[in-house]
Each structure stands twice: as C-alpha cells, then as structure tokens.
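This report concerns only the one structure given below.
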There are 2 protein chains.
Amino acid sequence: MAARDYGQYSGISRAVELIGERWALLIVRDLLVGPRRYGELAAGLPRIPSNILAARLKELQAVGVIRRAPRSRVIVYEVTPYGRELEPVVLALGAWGFKALGEARDEQVITPDSMTMDLRSAFQPRVALELPATSYAARFGDAELLIRVDGSALDVTRGEGPVDFDFAFATGPAIHRLISGELAPQQAIAAHAVEVLHGRPALLDRFVSTFHLAA
Amino acid sequence: MAARDYGQYSGISRAVELIGERWALLIVRDLLVGPRRYGELAAGLPRIPSNILAARLKELQAVGVIRRAPRSRVIVYEVTPYGRELEPVVLALGAWGFKALGEARDEQVITPDSMTMDLRSAFQPRVALELPATSYAARFGDAELLIRVDGSALDVTRGEGPVDFDFAFATGPAIHRLISGELAPQQAIAAHAVEVLHGRPALLDRFVSTFHLAA
DNA sequence: CGGGATCCCTTAGGATACTG
DNA sequence: CAGTATCCTAAGGGATCCCG
C-alpha cells in the first residue's frame, strides 16, 4: 500500500518514497496551482491511466501530502500544508528540468497548470521589481493564461472571461528558446514563432526579461 | 532506453524524466557527496539490484547528469556541472523528507553518504556563524563521520584515520528526534539514546542548535 | 576483485471497459 | 463525474554468472 521503501533511514529516501512514484510529482505540481477535481487532474495529465491517478491520489492522501478539500460539496483535491512546503522544491526542480527541454515533439502537450508552474519557475522578481506593472494574455499551445506582474508579485490564472491586459501573444514550444535567451524576442516575432495579438511588440522584451532561465 | 516520458512539454515533467526513475535520485544524492566507484555506490544502496544500478548509471550518463571521471585510472562516477545544479534541490527535498521520518525500522540502514546529505540539509549556517568553530566525531549506526563547523561553513567527511575533534558521540535513529527538537540533548544522554564518547556533554547542545529541522 | 551481464520471477504500470 | 475491474506488458527484484 505505502510506496515501496528503500530500506534507508534518510530524508531524501523518505522524500522519494512519498512523492517519487511515477506521476506523483506531476499531480502535486498541478495541485500546487490550486485545488483540482479528479477530472481536471486527468485532463491536465492526458496520458495517465485512470487507475493510476486513483491510486496516486490515495497514496498521496495516505502520506499527508494532499487531501480532499473539507466542507466542499464536490470532491476537490488540494495540497495539505505539508504538501505546500514542496512548492519551492518543485519550482527549483522545474527550473532545472526546463533547461534540459529540447525541441517539443508533436505529441507533447502544454497544459495550463504545467505552464503556470514553469512561469513561476522562470519568474525573476528582482527584474520585475524594476519594471512597471504589466498584464499579459498569453496562449501557449492549448494553454491560455492571464499573467499579472506587479512589482515582485506574480499572479497566473487561466485566461477565461473578459479581462484587461497590456499585451497579448500566442506561441508554442518556442517559449523555451525565448525564456532561455536563445531566441531574441523581436526575432521571434519576425520569424512568426510568436504572434502578437494585441499591444506594442516591445512588451515582449519586457516579458522575456521578467521570465528568464539561462541554459 | 531513455526514461519513459510523460508527453508534456514542461520543466517539471522533464526533470522527473531525467531523475525520477526508482533509485536514480539516491544515486545522485550519494554522488553529490563526492565521486564514487560502482562498488561504493552499491554499498551505499544495499538493496539496489546490480542490474538496476548499472542501468541507472547508464541512463544518468546519457542525459548528462553524471559521468565517468575523466583521466582517472579506475572507473569513478561523478556528477556533471549540470548534475551539481541539483544540489540545492536535493538538500531541500531531503529537509522535507526528513520531517516525515518516523521511527526507524530494524532493516533500515544509515549510510555515511545519506547521513552526510541529511546533515547538510539540516545545517543552520546563521546559527553556526554565532558559535565557535567546532569539530564533531559522530557515529550514526554504521556511519562514522567527522563534522567540522567553522563559521557558516560545513565540512563532513568519513571519519577515518586519526583526527582531532572537540566532541565525539554515538547515536542511532534518535538523531531524528534530536534534530527535530523532539528530544532535548541532555535528556537524550540521560536516556542513553546518545552516548558521549569524548568531550563536554554540553557540546551536544551546540550540535543540535547547529543542525535543526523542526517538524 | 571491480564492474557489470543474464536469468527468472514478481509486481507495478498501462490500456480499456465498466459502474455507483 | 469519480472512480473500479480486468487483462496484459514492462520494469523492478534477487540470484547467479561472467569477463578483463
């Protein structure tokens, strides 16, 4: 029932016993964005079999990383306070893995929750502090997000309904080369790797200085 | 050959593709302490099947996290610079997992490398900075370590050969309750959970304020 | 002896179908 | 919608063997 153990009395082995099973950390990643229903989690992890999702949800509850939200009419999963402590770890791990992303393959998807966490990984609060507050409406593949930067604060939400923003753009996996600095913003626009939907193209420069992870 | 992928274009999913396979992060943990030979790794991970160790070493090399040390006569594995970037992540994950350690079961071992990383996870440089430089010779189960604290610097080595130290002690899984603050140092000594081998018992207080992780 | 490769068996994971 | 049930495959576990 509990994750298979490694026979070691150590913090790291305990950690991977708790969240090291396949798919587990991706479930945690999405729940760190916000509470999610079973179906929302399944939608955010298109390739997870439903029996595995069900098993992981049980295991993560059993070890106190997630829970069903109390006094909610529908069943909603959320991280516990202990699970919330994984947030900096997951962000750092995401920053590390982001650098190893290569070209996207056709079958790879970008989900709103994964992109939200990637943006939080790449966020440069020091840089943002020096820039005027800015709102971006961005589409990355399927994921539409509203990104609000104000001082050193970042807020990313699913871009639904009528919202106001300073700059709107659409892109795909080219986001990786933008954030890594491999592709210059205006060059990306010229090459149609980024489509500007609204606002001054120069605001894409502000975006890439706000979200940056060097390779 | 390459780790099974999750079909997502995201930093976190890429990270767990690289180091999320069973045993992989424990191998990285031990290599973060220092270069290790195949046999040393096997000794530090008593329950790993040799075919799995061999497979993981190949995979981790293929993705650039570890490598065979160049111009070394014997075969020695070490982390690459990219693998070294995992160090803060592994330490943070170790701190998180450490809090979830319960009572040690009999079959659980404490290895020198795992204990070294746990100590590094629990190290409080701010506190250490206010304290005089101190050397500890410590035995945790099988693992004998020499722990040198000097200002905000920590150095942990395997305690072999003649060395000088201020305080020597031996303990076992009680180390967890000491570091979590659940068990007071002098109480631990009185209850024979910690055996003082050399030096003033009060130095155990200094040790637990230098290495601390609240639950 | 270090550094693996091979064998066989067990268990977890994946695909799909189905149900309260 | 939120999961079970079933079947099948692939990966892990354990022992042994091999080779330079």
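Per chain, numbering begins at 1; letters A, B, ... match sequence-line order.
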Respond yes when some side-chain nitrogen or oxygen of A/Tyr6 is under 4.0 Å from OP1 or OP2 of D/dG13, and no when none is. no
Look at the side-chain N and O atoms of A/Lys58 and state whether any lies under 4.0 Å from the OP1 or OP2 oxygen of D/dA2. no
To the nearest angstrom, how far is [X] atom [atom1] from [N] atom [atom2]?
{"X": "B/Leu57", "N": "C/dG3", "atom1": "CG", "atom2": "P", "value": "10 Å"}
{"X": "B/Gln61", "N": "C/dG3", "atom1": "CD", "atom2": "P", "value": "12 Å"}
{"X": "A/Arg56", "N": "D/dA2", "atom1": "CZ", "atom2": "C1'", "value": "18 Å"}
{"X": "A/Leu53", "N": "C/dA12", "atom1": "CG", "atom2": "P", "value": "18 Å"}
{"X": "B/Ile75", "N": "C/dC1", "atom1": "CD1", "atom2": "P", "value": "17 Å"}
{"X": "B/Ile27", "N": "C/dG3", "atom1": "CD1", "atom2": "P", "value": "14 Å"}
{"X": "B/Ile66", "N": "C/dG3", "atom1": "CD1", "atom2": "C1'", "value": "14 Å"}
{"X": "B/Glu21", "N": "D/dG12", "atom1": "CD", "atom2": "C1'", "value": "11 Å"}

Determine the interplanar angle of the A/Trp96 and B/Tyr82 rings, folded into 0 to 90°, and report it as parallel if under 30°, tilted if 30 to 60°, perpendicular if over 60°. parallel
Evaluate the ring planes of A/Phe123 and A/Phe211, with Trp represented by its six-membered ring, and classify them as parallel (under 30°), tilted (30 to 60°) or perpendicular (over 60°). tilted
With a 4.0 Å cut-off, would you call A/Glu21 and B/Arg22 a salt bridge? no
Tell me which pairs pass ring pair (Phe, Tyr, Trp, His ring centres under 6.0 Å) where either residue lies in residues 30-55 of chain A, with sequence neighbours left out. none
Checking B/Arg177 against B/Gln187 for the side chain to side chain donor-acceptor pair (under 3.5 Å) test, could you report, in this order, the C-alpha distance in whole Å, the side-chain angles of both residues, the deciding distance, and whether it holds? CA-CA 11 Å; B/Arg177 290 190 299 155; B/Gln187 204 173 333; over 6 Å; no
Measuring from B/Ile48:CD1 to B/Ser50:OG, what's the distance to the nearest 0.5 Å? 9.0 Å
What one should report as the nearest heavy-atom pair of B/Arg67 and B/Pro81 is NH1-CD, 3.9 Å
Any idea which heavy atoms bring B/Glu87 and B/Arg84 closest together, and the distance? OE1-NH1, 2.8 Å
Scan residues 36-46 of chain A against DNA chain D and write down, sorted by residue number, each residue with any heavy atom closer than 4.0 Å; if none is found, say none. A/Arg37, A/Tyr38, A/Gly39
Distances under 3.5 Å between protein N/O atoms and the N/O atoms of nucleotides 14-16 of chain C, please, pair by pair.
residue: C/dG14; atom: OP1; partner: A/Arg22; partner atom: NE; Å: 2.4
residue: C/dG14; atom: OP1; partner: A/Arg22; partner atom: NH2; Å: 3.1
residue: C/dG14; atom: OP2; partner: A/Trp23; partner atom: NE1; Å: 3.0
residue: C/dA15; atom: N6; partner: A/Asn51; partner atom: ND2; Å: 2.8

Does A/His212 use its side chain to pair, donor to acceptor, with the backbone of A/Ile179 at less than 3.5 Å? yes
